[in-house]
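Reviewing the structure listed below.
Heavy atoms only: backbone and side chains are in, while hydrogens, waters and symmetry mates are out. Convention: sequence-line order gives letters A, B, ...; per-chain numbering from 1.
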Amino acid sequence: MLDLNLIRTQPDTVKHAVRVRQDPALVTKVDEILALDQQRRDLLKEVEALKAERNLVSKEIGRMKDAAAREAKIAEQRRVNERIDALDKQVAEVDARLFDLLSVLPNIPDPRTPEGAGEEDNVLLKTVGEPKTFDFIPLPHWELGPRLGLIDFERGTKLSGSRFYVLQGAGARLQRALIAWMLDLHIRQGYTEMYLPFMVKSDIVFGAGQLPKFRDNLYHDAEEDFWMVPTAEIPLTGLHKDEILEPGALPKYYCAYTPCFRREKIAAGRDVRGIKRGHQFDKVEMYIFCRPEESDEALETMREHAEETCAQLGLTYRVKQLCTADIGFSARMTYDIEVWAPGCGEWLEVSSVSNVGDFQARRINTRFRREAGAKPEFPHTLNGSGLGLPRTLIAVMENYQQKDGSIVVPEVLRPWMGGIEVIR
RNA sequence: GGAGGGAUGGCCGAGUGGACUAAGGCGGUUGUCUUGAAAACAACUGUGGGCAUACGCUCACCGGGGGUUCGAAUCCCUCUCCCUCCGCCA
């Protein structure tokens, strides 16, 4: 949610923002917002004056002794109330329309986010390591997995249809090892581990910026107000809803493992092979609440933490900065981290690290005080995957495969693999 | 799932239609006193919105939403959450 006051005072900044996001249709919505805002303030001026008058007169009536005069006043008040009711109704309508419009405006990109027309304009910042070379033809994970009994696609489909799979034996264990290792790494990096609800209420999903825009990409319960989380970012954003954090509480570093549920309403044939894109996947997420002036640095720190995860796994990765057309709805600036998967021959996006500014904090109403008695301010929030599991699993399997079809378990994961060094 | 009891400010807690401008206490901030501290005393101490250059004025908020009334923390409806008991369950 953008600050209405910002829209009022700097409408051109906001219009420029939606243009560079390649969403020019929103420009007219900014003008609509400005008109509604003016209308709202005019209405408030009138109705609040009437209410002030009503409050005074009501007290007067309470003190009046003369029955006839009292009745006359009451009758007069009834007429005033009709006017107040009518105005209140108009205010409510304007408020609702204003809220709907504000809800669909995306965040303003950071000035350092490069302008671009699409994902082809994302900027490659660096590549760490060389794509691994093999003296044999490396297999894609969809062949390695079933061959070693790690992935069972048929039974996944039997249970839940397309884009579902079963991990079994050392495959399931390897994923669990990755999750446990990542969480422990993040704890060492200073994050507090959280175990969160995997279903959350509408207002929480709204607060993170997924509603109303991404409604179609989410699973929700038909009877209760529950949404299956598409990422731990949603419940983490909601943790401090309606709270004013005490001085000294920031920064807060959280990490959490959750499954993620996404409807993925994309072309039926795209990315169906393997476990790259499913309706359910696991992810370890990092999240930071900090003071506004700290968020630039926090973004770099979080990016380093995500990179560290790739590096310690011995994976070749590259870092991209997303352009204005490709950053998410809530984001101001985003780095994507991609790892090289030699079997399927692709760079796989395993992490997306974003500075959201105060956009989510406004939506979810989380504030903080710099010192006792100071005015509450909105903190900045950042989120980053550390990392998405199926794609990390793909990269590990494909990079650590050997000529005989076995897979070496990366050093750092062995404590969670019961000492298994090679999966055969 | 059933029955009953609750939800008031940072915290505790009073408040069953008009002085609620929410009592009182605790906590907090500032001041007086003190060499300093404690104690005592005094003042201040919520959030959001509108108006105003400003001192400030004003509206809304007593779990959420709706209603009754000239007037609601208080009465009515409804939802949510918490507590107690029963049932069921991992």
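In this entry B:U29 has B:A43 as its Watson-Crick or G-U wobble partner, both defining distances falling under 3.5 Å. Across all strands shown, B:U69 forms no Watson-Crick or G-U wobble pair with both key distances under 3.5 Å. Using N1 to N3 plus N6-O4 or O6-N4 for Watson-Crick, or N1-O2 and O6-N3 for G-U wobble, each under 3.5 Å, B:G56 pairs with B:C51. If you check B:A19 for Watson-Crick or wobble pairing at under 3.5 angstrom, you find it has no partner at all.
Straight-line distance between the C1' atoms of B:A40 and B:G50: roughly 44 Å, to the nearest whole Å. Separating the P atom of B:A14 from that of B:A72 is a span of 24 Å, rounded to the nearest Å. Comparing B:A37 with B:U45, their P atoms are spaced 25 Å from each other, to the whole Å. Taking atom C1' on both B:C83 and B:G28, the two are 31 Å apart, rounded to the nearest angstrom. For the C1' atoms, the distance linking B:G4 with B:U8 amounts to 22 Å, nearest Å. Taking the P atom of each, B:C26 and B:A42 are spaced 12 Å apart, rounded to whole Å. With both ends at atom C1', the span from B:G5 to B:C55 equals 50 Å, rounded to whole Å. As rounded to the nearest Å, B:U53 and B:C20 have P atoms that lie 35 Å from one another.
Minimum atom distance to the side chain of A:Pro376 is reached by B:G48, of the listed B:G50, B:G48, B:C70. The listed nucleotides are B:G71, B:C51, B:U58; the one nearest the side chain of A:Ala52 is B:U58. The side chain of A:Arg78 has B:C70 as its nearest neighbour among B:A60, B:C70, B:G50. Among the nucleotides B:G48, B:U47, B:C70, the one closest to the side chain of A:Lys375 is B:G48. The side chain of A:Gln77 sits closest to B:C70 out of B:C70, B:C59, B:G46. Closest to the side chain of A:Ile61, out of B:C70, B:U47, B:G50, is B:C70.
Taking atom CD1 on A:Ile204 and atom C1' on B:U80, their separation rounds to 14 Å, with Å as the unit.
A:Arg70 comes within contact range of at least one nucleobase, with a heavy-atom separation under 4.0 Å. Contact annotation for A:Arg8: backbone-only contact, meaning every heavy-atom pair under 4.0 Å involves sugar-phosphate atoms and none involves a base. Within 4.0 Å of A:Arg367, counting heavy atoms only, lie sugar-phosphate atoms of the nucleic acid but no base atom. Using a 4.0 Å heavy-atom distance criterion, A:Lys73 is classed as making no nucleic acid contact.
If you find the closest nucleotide of RNA chain B to A:Val47 and to A:Leu44, the one lying nearer the 5' end belongs to A:Leu44.
Ion pairing between A:Glu377 and A:Arg370 holds under the 4.0 Å rule for side-chain N and carboxylate O. Between A:Asp88 and A:Lys51 there is a salt bridge, since at least one side-chain N of the basic residue sits less than 4.0 Å from a carboxylate O of the acidic one. Ionic pairing of A:Asp37 and A:Arg41 is present here: one or more N-O contacts between side-chain nitrogen and carboxylate oxygen are shorter than 4.0 angstrom.
At a cut-off of 3.5 angstrom, the base of B:G10 holds no donor-acceptor pair with the side chain of A:Glu246. In the interface, the side chain of A:Arg369 is not paired with the base of B:G46 through any donor and acceptor atom under 3.5 Å apart.
When atom types are taken as modelled, the side chain of A:Glu285 and the backbone of A:Ala256 share no donor-acceptor pair closer than 3.5 angstrom.
A:Ile151 and A:His141 get closest at one heavy-atom pair: CD1-O, 4.1 Å.
The aromatic rings of A:Phe289 and A:His240 sit perpendicular, their planes meeting at an angle over 60°, well past the 30° parallel limit.
For A:Arg262 and A:Phe281, the positive end is not near the middle of the six-membered ring at less than 6.0 Å and at most 45° from its axis.
For the OP1/OP2 pair of B:G71 and a distance below 4.0 Å, the side-chain nitrogens and oxygens of A:Asn55 include no atom meeting the criterion. Distances shown here put every side-chain N or O of A:Arg41 at or beyond 4.0 Å from the OP1 or OP2 atom of B:G50.
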